[in-house]
Amino acid sequence: MLHAIRTSVTALCLCLAGLVAMAAEGPERPVVRACGHHDYPPWNWMQDQRIVGVCAAVAQRAIERLGYRVDLSYVGPWKRCQALIEAGQIDVNICAFRNRDRERYSVFAEPRMAQNRIAVFVQKQRAPQMPLRTWTDLKGLRIGLVAGVSMGLDFDTFLEQHTEVQRTTDMGSVLRMLARHRVDAVPFGREAGLLQVDHHRLAGEIVPLASDALVGDLFVSVSRSSPLAARIGEIGAYFARPSYPEELERLFAEYHRLYLQRSADTQPPPVR
């Protein structure tokens, strides 16, 4: 009898301790699902079935301060990420250029979260013969792009109307196409592209042209179907803080370093 009482008291104490711990932690936060480009370091990339990088860190900070928990589990490549946001199955696009199609199914946090310089990558031996003064210098070229990539309405439209666009699933595939002369040029973020060229052991073969094709604004956006859309102004307020530019610079340096460390451990075989 005494043993049974002691057992009951012990169980009650454990239960009360659990309740106290839960109360200390507060109520469980609502979860919002987020996705981003799976192959665009240091801005974001897929690692251990999660999206990590500058954009992931920034979006998480901007949203979780409002009382949410951000789930950055990998949901698929970049094109699928956007399709899921359009369908309302994912709440947040952690960073992307703004275009008319995305505005149709998303609301955008303002001001921008960052800017991205778009360079044009070419075979090294062709670079001296391919100056980039204006976009018209790209006319008639075979352009390689990752599926789902947008670089803003104007540049997207120019490429579709004046070049032969070929799309594939990831940057590694696009760079291999360039190395094997199957495309002539690859527009991509300058910093992200240089990391990818190094990662795929193509630094001696592929280079960016000296002039950028454009400098584009990157935004955090939310599906219009998400309850979080009503708080888009509060998300944007995070980027308006005077301390934000310095924070962004630190994060960029940190994730650049982290990707280089990861790249050394996961480098693919040379392109043949």
Side-chain angles (χ1 to χ4, degrees), residues 14-99 101-114 148 150 217-248 250-252 254-255 258:
L14 290 172
C15 181
L16 289 172
L19 290 173
V20 169
M22 290 174 62
E25 293 175 1
E28 187 174 348
R29 294 175 295 166
V31 176
V32 292
R33 301 181 69 199
C35 65
H37 200 298
H38 63 290
D39 198 22
Y40 210 104
W43 298 105
N44 32 254
W45 71 92
M46 194 270 284
Q47 182 173 313
D48 300 327
Q49 294 304 307
R50 288 177 53 79
I51 296 295
V52 301
V54 176
C55 295
V58 165
Q60 198 164 14
R61 293 177 182 185
I63 294 168
E64 291 194 342
R65 63 196 273 272
L66 304 180
Y68 297 89
R69 182 171 68 82
V70 178
D71 180 2
L72 284 157
S73 300
Y74 178 63
V75 298
W78 182 224
K79 189 172 183 178
R80 176 168 171 76
C81 164
Q82 294 168 76
L84 291 172
I85 292 168
E86 183 175 8
Q89 297 177 36
I90 295 291
D91 299 277
V92 181
N93 187 335
I94 59 176
C95 69
F97 284 127
R98 190 170 188 165
N99 63 31
D101 188 48
R102 291 172 183 171
E103 287 178 335
R104 177 177 53 81
Y105 58 80
S106 303
V107 291
F108 287 76
E110 296 189 15
R112 65 185 180 232
M113 61 82 61
S150 168
D217 293 337
L218 292 173
F219 293 89
V220 172
S221 60
V222 176
S223 169
R224 292 184 182 274
S225 302
S226 171
L228 187 61
R231 306 190 69 177
I232 195 69
E234 295 174 81
I235 297 171
Y238 188 84
F239 310 124
R241 294 174 303 118
S243 61
Y244 178 68
E246 184 179 341
E247 175 187 348
L248 182 64
R250 288 197 307 269
L251 285 170
F252 200 89
E254 176 186 350
Y255 281 100
L258 289 173

[X] vs [Y] side-chain heavy atoms within contact, under 4.5 Å:
{"X": "Cys35", "Y": "Leu84", "answer": "no"}
{"X": "Ser221", "Y": "Arg102", "answer": "no"}
{"X": "Phe252", "Y": "Pro42", "answer": "yes"}

Exercise. What residues, two or more places apart in sequence or in another chain, satisfy ring-ring contact (aromatic ring centres under 6.0 Å, His included) together with Phe239?
Worked result: Tyr244
Seminar exercise, completed: Hits for side-chain contact (heavy atoms from CB on, under 4.5 Å) against Arg112, two or more places apart or cross-chain, chain-then-number order -> Gln115, Asp217, Phe219
Exercise. For Glu254, which residues count as a side-chain contact (heavy atoms from CB on, under 4.5 Å) partner, sequence neighbours excluded?
Worked result: Leu251, Arg257, Leu258
So, using salt bridge (charged side-chain N to carboxylate O under 4.0 Å, His left out) as the criterion, who are the partners of [X] when residues are at least two apart?
{"X": "Arg250", "result": "Glu246"}
{"X": "Arg224", "result": "none"}
{"X": "Arg33", "result": "none"}

Seminar exercise, completed: Between Ser223 and Gly88 the two heavy atoms that sit nearest each other are OG-CA, 3.8 Å
Seminar exercise, completed: Applied to residues 83-95, the side chain to side chain donor-acceptor pair (under 3.5 Å) test, sequence neighbours excluded, yields Glu86-Arg104, Asp91-Ser226
Exercise. Under the salt bridge (Lys or Arg N to Asp or Glu O under 4.0 Å) rule, what pairs show up with a residue in residues 67-80, not counting sequence neighbours?
Worked result: none
Pairs under 3.5 angstrom only: tabulate donor-acceptor contacts from the side chains of residues 47-62 to other protein residues two or more places apart or in another chain.
unit_1 : atom_1 : unit_2 : atom_2 : d
Gln47  : OE1    : Trp45  : NE1    : 3.0
Gln60  : NE2    : Glu64  : OE2    : 3.4
Arg61  : NH1    : Glu247 : OE2    : 2.7

